[in-house]
Engineer: 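Dumping the structure here so I can ask a few things about it.
So you know, we letter chains A, B, ... as the sequences are listed, proteins then strands, and number each from 1.
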Protein chains: 2
Amino acid sequence: MQEAYKAIADPTRRRILKYLRGGERTAGDLAEQAGVGRTALSHHLMVLKLADLVRVERRGQYQVYSLNTTVFQDLLTEIIGWLGGIDDESIKEPDATEEHVTDA
Amino acid sequence: MQEAYKAIADPTRRRILKYLRGGERTAGDLAEQAGVGRTALSHHLMVLKLADLVRVERRGQYQVYSLNTTVFQDLLTEIIGWLGGIDDESIKEPDATEEHVTDA
DNA sequence: CTAATATTTCAATATACATTGAAATACTGG
DNA sequence: CCAGTATTTCAATGTATATTGAAATATTAG
């Protein structure tokens, strides 16, 4: 999960993810659309791959990238958790014992 | 928005956000719970504040932090956008013009 | 096999970020 | 005002990350 959070923190990578919403894309397509050098793009795709946010498949000369939506779902679940009341790990509940945050 | 993505990319900051789900907390409480030095904590809180993910209010000697859920909602909306079909910016649709990603 | 195209790896560099101790600032109680 | 507590700012440092050009690898077409 940590990998996914870091992956989406970069604007270039978010742009890549957006383009991938349009369907499968080759690395070359993405480099062109994302406006980033081929080397840098390759790096970003690697990060996205490690985060399991994209899949890649070789098709002839090309590497074809596509979205893997399952990790997005997990992200959503976690962020919703911050808002609502679905918890998963040690969270100190707001008990009545007010130590010092009473008032001014 | 960019600020929010970067803010949640750090595990310590996500931990802080979790603790804040339990209600208002002073900076001291958070430092203790998050297991990070006071200086580092102050830095993280600043990042969260700039991202508008938390609010802060002085109450006597203390600075009291709390969640600001509105930005979380925006985050959710964007991530849902990546999954579904709600788009907001230039996205190349998967048109029928297959240039070279035809097949192997 | 060779030439051509697509993509990744390597090596170097520059920038951003997290962490720390010490000093500065803000507030409370007496 | 003074001592004490809470928090932030400052300055320094180490680590992580983004970017780049050149070289290496993979695949196709002939």
Side-chain angles (χ1 to χ4, degrees), chain A residues 1-20 23-51 53-66 98-104, chain B residues 1-20 23-51 53-66 98-104:
Chain A
M1 212 67 267
Q2 170 57 24
E3 300 305 320
Y5 282 109
K6 283 209 279 201
I8 65 169
D10 184 89
T12 301
R13 285 192 291 262
R14 288 201 305 278
R15 215 165 332 123
I16 292 170
L17 291 173
K18 260 190 189 172
Y19 293 132
L20 285 175
E24 299 179 331
R25 295 284 185 270
T26 66
D29 286 341
L30 292 171
E32 201 181 322
Q33 291 182 103
V36 65
R38 284 174 277 101
T39 304
L41 184 96
S42 193
H43 160 67
H44 287 305
L45 288 174
M46 176 63 70
V47 173
L48 289 169
K49 208 162 46 180
L50 288 175
L53 286 165
V54 303
R55 298 182 207 280
V56 60
E57 178 195 346
R58 180 168 277 283
R59 199 127 71 198
Q61 292 171 275
Y62 305 95
Q63 295 273 26
V64 181
Y65 286 84
S66 57
E98 299 168 11
E99 294 150 49
H100 42 230
V101 194
T102 41
D103 196 288
Chain B
M1 212 69 261
Q2 170 58 23
E3 300 304 320
Y5 281 109
K6 282 209 280 203
I8 65 169
D10 184 87
T12 301
R13 284 192 290 264
R14 289 201 305 279
R15 214 164 335 121
I16 291 170
L17 291 172
K18 260 190 189 171
Y19 293 133
L20 285 175
E24 299 180 332
R25 295 284 185 269
T26 66
D29 285 342
L30 292 170
E32 202 181 322
Q33 290 181 102
V36 64
R38 284 173 278 104
T39 303
L41 183 96
S42 193
H43 160 68
H44 287 305
L45 288 174
M46 177 63 71
V47 173
L48 290 169
K49 208 162 44 180
L50 289 175
L53 286 165
V54 304
R55 297 182 206 281
V56 61
E57 177 195 347
R58 179 168 278 283
R59 199 125 75 196
Q61 291 172 276
Y62 305 95
Q63 296 272 25
V64 181
Y65 287 84
S66 57
E98 298 169 11
E99 293 148 52
H100 43 231
V101 193
T102 40
D103 197 285

Engineer: Could you tell me how far apart Gln63(B) (CD) and dT5(D) (P) are, to the nearest whole angstrom?
Structural biologist: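 Whole-Å distance recorded here is 19 Å.
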Engineer: Salt bridge (Lys or Arg N to Asp or Glu O under 4.0 Å) with Glu3(B): which residues, sequence neighbours excluded?
Structural biologist: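 Per chain and number, Glu3(B) pairs via salt bridge (Lys or Arg N to Asp or Glu O under 4.0 Å) with no residue.
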Engineer: Just how far, in rounded Å, is C1' of dA6(D) from CZ of Arg25(B)?
Structural biologist: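 Rounded to whole Å, this separation is 17 Å.
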Engineer: Treating Arg13(B) as the side-chain partner and Ile8(B) as the backbone partner, does any N or O pair qualify as donor plus acceptor under 3.5 Å?
Structural biologist: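 Not confirmed, Arg13(B) side chain does not pair with Ile8(B) backbone.
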Engineer: Could you give the CG-to-P distance, from Asp29(A) to dT5(C), as a whole number of Å?
Structural biologist: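 Between P of dT5(C) and CG of Asp29(A): 17 Å.
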Engineer: Counting only N and O atoms by type, is there a donor-acceptor contact under 3.5 Å from the side chain of Gln2(A) to the main-chain atoms of Ala9(B)?
Structural biologist: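 Side chain of Gln2(A) to backbone of Ala9(B): a pair is present.
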Engineer: When you get a sec, tell me which of dT8(D), dT7(C), dA16(C) is the closest nucleotide to the side chain of Lys6(B)?
Structural biologist: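 Of dT8(D), dT7(C), dA16(C), dA16(C) is nearest to the side chain of Lys6(B).
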Engineer: Any donor-acceptor pair under 3.5 Å joining the side chain of Gln61(B) to the base of dT5(D)?
Structural biologist: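 Such a pair is found, so the answer is yes.
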Engineer: Is there a side-chain contact between Tyr65(B) and the phosphate of dT8(D), meaning an N or O under 4.0 Å from OP1 or OP2?
Structural biologist: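 For Tyr65(B), the contact criterion (side-chain N or O under 4.0 Å from OP1 or OP2 of dT8(D)) is met.
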Engineer: Which residues pass the salt bridge (Lys or Arg N to Asp or Glu O under 4.0 Å) test with Glu32(A), not counting sequence neighbours?
Structural biologist: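 So Glu32(A) forms no salt bridge (Lys or Arg N to Asp or Glu O under 4.0 Å) with any residue.
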Engineer: Near DNA chain C, counting only heavy atoms under 4.0 Å, which residues of residues 39-47 of chain B show up?
Structural biologist: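 Here the set is Thr39(B), Ala40(B), His43(B), His44(B).
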Engineer: Less than 4.5 Å apart, any side-chain heavy atom of Val56(A) and any of Leu45(A)?
Structural biologist: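 They are not in contact (no side-chain heavy atoms under 4.5 Å apart), so the answer is no.
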Engineer: With sequence neighbours left out, write down each residue that passes side chain to side chain contact (heavy atoms under 4.5 Å, CB included) with Ser66(B), or none if nothing qualifies.
Structural biologist: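 Ser66(B) satisfies side chain to side chain contact (heavy atoms under 4.5 Å, CB included) with Glu24(B), Arg55(B) once adjacent residues are dropped.
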Engineer: Can you find a side chain N or O atom of Arg13(B) that sits less than 4.0 Å from OP1 or OP2 on dA18(C)?
Structural biologist: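 Checking Arg13(B) against dA18(C): at least one side-chain N or O falls below 4.0 Å of OP1 or OP2.
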Engineer: Does any part of the side chain of Val54(A), heavy atoms only, come nearer than 4.5 Å to the side chain of Leu17(A), both counted from C-beta?
Structural biologist: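 In short, these two side chains touch, coming nearer than 4.5 Å.
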Engineer: At what angle, to 10 degrees, do the two end axes of the helix from dC1(C)-dG30(D) to dG30(C)-dC1(D) meet, given five pairs define each axis?
Structural biologist: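 Computed angle between terminal axes is 30°.
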Engineer: State which residues pass side chain to side chain contact (heavy atoms under 4.5 Å, CB included) with Val36(B); sequence neighbours excluded, sorted by chain then number.
Structural biologist: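 If we apply the side chain to side chain contact (heavy atoms under 4.5 Å, CB included) test to Val36(B), skipping adjacent residues, the hits are Thr12(B), Ala34(B), Ala40(B), Leu41(B).
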Engineer: If only side-chain N and O atoms of Arg58(A) are considered, is one of them under 4.0 Å from the OP1 or OP2 phosphate oxygen of dT27(D)?
Structural biologist: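 Indeed, a polar side-chain atom of Arg58(A) lies that close.
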Engineer: Hey, could you give me the OH/CG distance between Tyr65(A) and Asp29(A), rounded to the nearest 0.5 Å?
Structural biologist: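 Answer rounded to 0.5 Å: 12.0 Å.
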Engineer: Send over the distance from Asp10(A) CG to dC17(C) C1', rounded to a whole Å.
Structural biologist: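 So the two atoms are 14 Å apart, to the nearest Å.
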Engineer: Between dT19(D), dT7(C), dT7(D), which one does the side chain of Tyr62(B) approach most closely?
Structural biologist: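 It is dT7(D).
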Engineer: Is a donor on one side and an acceptor on the other found under 3.5 Å between the side chain of Gln63(A) and the backbone of Arg25(A)?
Structural biologist: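 It does not hold such a pair.
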Engineer: Could you give the CZ-to-C1' distance, from Arg15(A) to dT19(D), as a whole number of Å?
Structural biologist: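 After rounding, the reported distance stands at 14 Å.
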Engineer: Rounding to a whole Å, what distance do you find between Leu48(A):CG and dA18(D):P?
Structural biologist: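 It works out to 10 Å between those atoms.
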Engineer: From CD1 of Ile8(A) over to P of dT17(D), roughly how many Å is that when rounded to an integer?
Structural biologist: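 My rounded result for the distance is 15 Å.
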Engineer: Round to a whole Å and report the spacing from CG of Leu50(A) to C1' of dA16(D).
Structural biologist: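 So the CG-C1' distance, Leu50(A) to dA16(D), works out to 15 Å.
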Engineer: Respond yes when some side-chain nitrogen or oxygen of Arg38(A) is under 4.0 Å from OP1 or OP2 of dT20(D), and no when none is.
Structural biologist: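 No, outside the criterion.
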